[in-house]
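So the structure is just underneath, and the comments pick up after that.
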Amino acid sequence: MHLLPLIFGIVLLPQGGSKVFDVSAKTCALAEECVEGSVNFGIAKTAITSKCCTSELCNTQPAPEPIKSNPNGKQCFTCNGQDCTATINCEGNEDYCISSQVNVGDQKMAMKGCASKMICSGIQSAQLSSIGADIRCCQGNFCNSASSTNAGLLLLLAPLVSFMLLF
């Protein structure tokens, strides 16, 4: 295994707003860990960016900014309060629909939206499951079914904390 210098960043963007959380870190990683992806729950989007380089100490610059992406034609359900029948247009490389159940205290809360393949990969999902998040991804428009759930602002923090634990 050969480790490469890596710069990565995690950004939380509320719908139509500017960054509310931006973290950048430098470390070493395997080449397959140099990825980019996002999860978009409609009311907020979490983007993960990274850049690997090949020479020593080459990871001195800040993490790459998330690229503003356009709708890609994929559509999924999202939640608006307790109603999960709203729809969202996926952007960029968000080619999966996601349904997430997160344990917050003694309650299970749900969120739905769009996600990149990186977020839905087996490794990432397994790590998220270890902190009490149940994540299901599917391909196909509206495959994450519309059902009523209880969702709260606290859930915006759950994906962000989960992604921070990945690195």
Side-chain angles (χ1 to χ4, degrees), residues 1-80 86-100 102 111-128 130-131 133 135 137-139 141 144 151-167:
M1 284 196 237
H2 181 68
L3 295 177
L4 301 172
L6 166 72
I7 306 160
F8 73 89
I10 301 172
V11 177
L12 178 63
L13 305 159
Q15 183 180 19
S18 56
K19 297 178 198 176
V20 294
F21 187 83
D22 188 354
V23 65
S24 182
K26 298 169 175 123
T27 188
C28 292
L30 297 171
E32 58 269 17
E33 295 173 325
C34 298
V35 295
E36 293 193 18
S38 63
V39 61
N40 187 348
F41 290 115
I43 55 175
K45 178 176 183 170
T46 303
I48 299 171
T49 60
S50 67
K51 179 181 178 186
C52 282
C53 48
T54 55
S55 60
E56 284 193 40
L57 303 175
C58 60
N59 60 344
T60 57
Q61 59 278 82
E65 286 291 319
I67 297 170
K68 175 72 175 141
S69 50
N70 295 318
N72 61 18
K74 175 92 171 172
Q75 293 184 308
C76 301
F77 286 107
T78 188
C79 299
N80 185 1
T87 61
I88 185 171
N89 292 314
C90 302
E91 301 174 349
N93 65 359
E94 298 167 353
D95 50 358
Y96 287 79
C97 291
I98 188 169
S99 295
S100 176
V102 180
M111 293 187 81
K112 296 176 185 285
C114 303
S116 303
K117 181 178 182 179
M118 191 247 343
I119 303 298
C120 292
S121 73
I123 294 170
Q124 306 298 337
S125 294
Q127 289 173 337
L128 291 171
S130 70
I131 63 162
I135 295 177
C137 294
C138 56
Q139 289 187 295
N141 287 331
N144 61 342
L153 186 57
L154 184 56
L155 280 180
L156 292 177
L157 298 177
L160 182 60
V161 170
S162 300
F163 294 125
M164 289 175 58
L165 293 175
L166 296 177
F167 299 98

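Atoms considered below: every heavy atom in the structure, side chains included; atoms not considered: hydrogens, waters and symmetry mates.
For the pairing with Y96, the side-chain contact (heavy atoms from CB on, under 4.5 Å) check across K117, K74, M118 returns one residue only, K117.
For D95, the side-chain hydrogen bond (donor to acceptor under 3.5 Å, both in side chains) test picks out no residue, with sequence neighbours left out. Taking D22 as the reference, K19 meet the salt bridge (Lys or Arg N to Asp or Glu O under 4.0 Å) condition, with sequence neighbours excluded. The side-chain hydrogen bond (donor to acceptor under 3.5 Å, both in side chains) search around E36 returns none, not counting sequence neighbours. Listed by chain and residue number, N93 satisfy the side-chain hydrogen bond (donor to acceptor under 3.5 Å, both in side chains) test with S116 (two or more places apart in sequence, or in another chain). Under the salt bridge (Lys or Arg N to Asp or Glu O under 4.0 Å) criterion, K45 pairs with E91, E94, sequence neighbours left out. Considering only residues two or more places apart in sequence or on other chains, C28 meets the side chain to side chain contact (heavy atoms under 4.5 Å, CB included) condition with L3. Taking A115 as the reference, V39, I98, I119, C120 meet the side chain to side chain contact (heavy atoms under 4.5 Å, CB included) condition, with sequence neighbours excluded.
Of the possible donor and acceptor atoms, one in the side chain of N141 sits under 3.5 Å from a partner among the backbone N and O of Q75. No donor-acceptor pair under 3.5 Å is formed between the side chain of S99 and the backbone N or O of K112. Between the S38 side chain and the T46 main chain, no donor and acceptor come within less than 3.5 Å of each other.
Every pair tested for side chain to side chain donor-acceptor pair (under 3.5 Å) that includes a residue from residues 53-63 fails, sequence neighbours excluded, so the list is empty.
Around the CG atom of N72, the shell of radius 6.0 Å holds more than 12 heavy atoms that belong to other residues, nucleotides or ligands.
Taken to the nearest 0.5 Å, the CD1 atom of I88 stands 12.5 Å off from the CZ atom of F77. Rounding to the nearest 0.5 Å places CD1 of I67 at 9.0 Å from OG1 of T49. For the atom pair CG (N89) and CG (N40), the distance works out to 9.5 Å, reported to the nearest 0.5 Å. Taking CG of N80 as the reference point, atom CZ of F41 lies at 14.5 Å (rounded to 0.5 Å).
Cysteine sulfur proximity is satisfied for C76 and C97, their SG distance being under 2.5 angstrom.
The shortest heavy-atom contact between C137 and I135 is SG-CG2, 4.1 Å.
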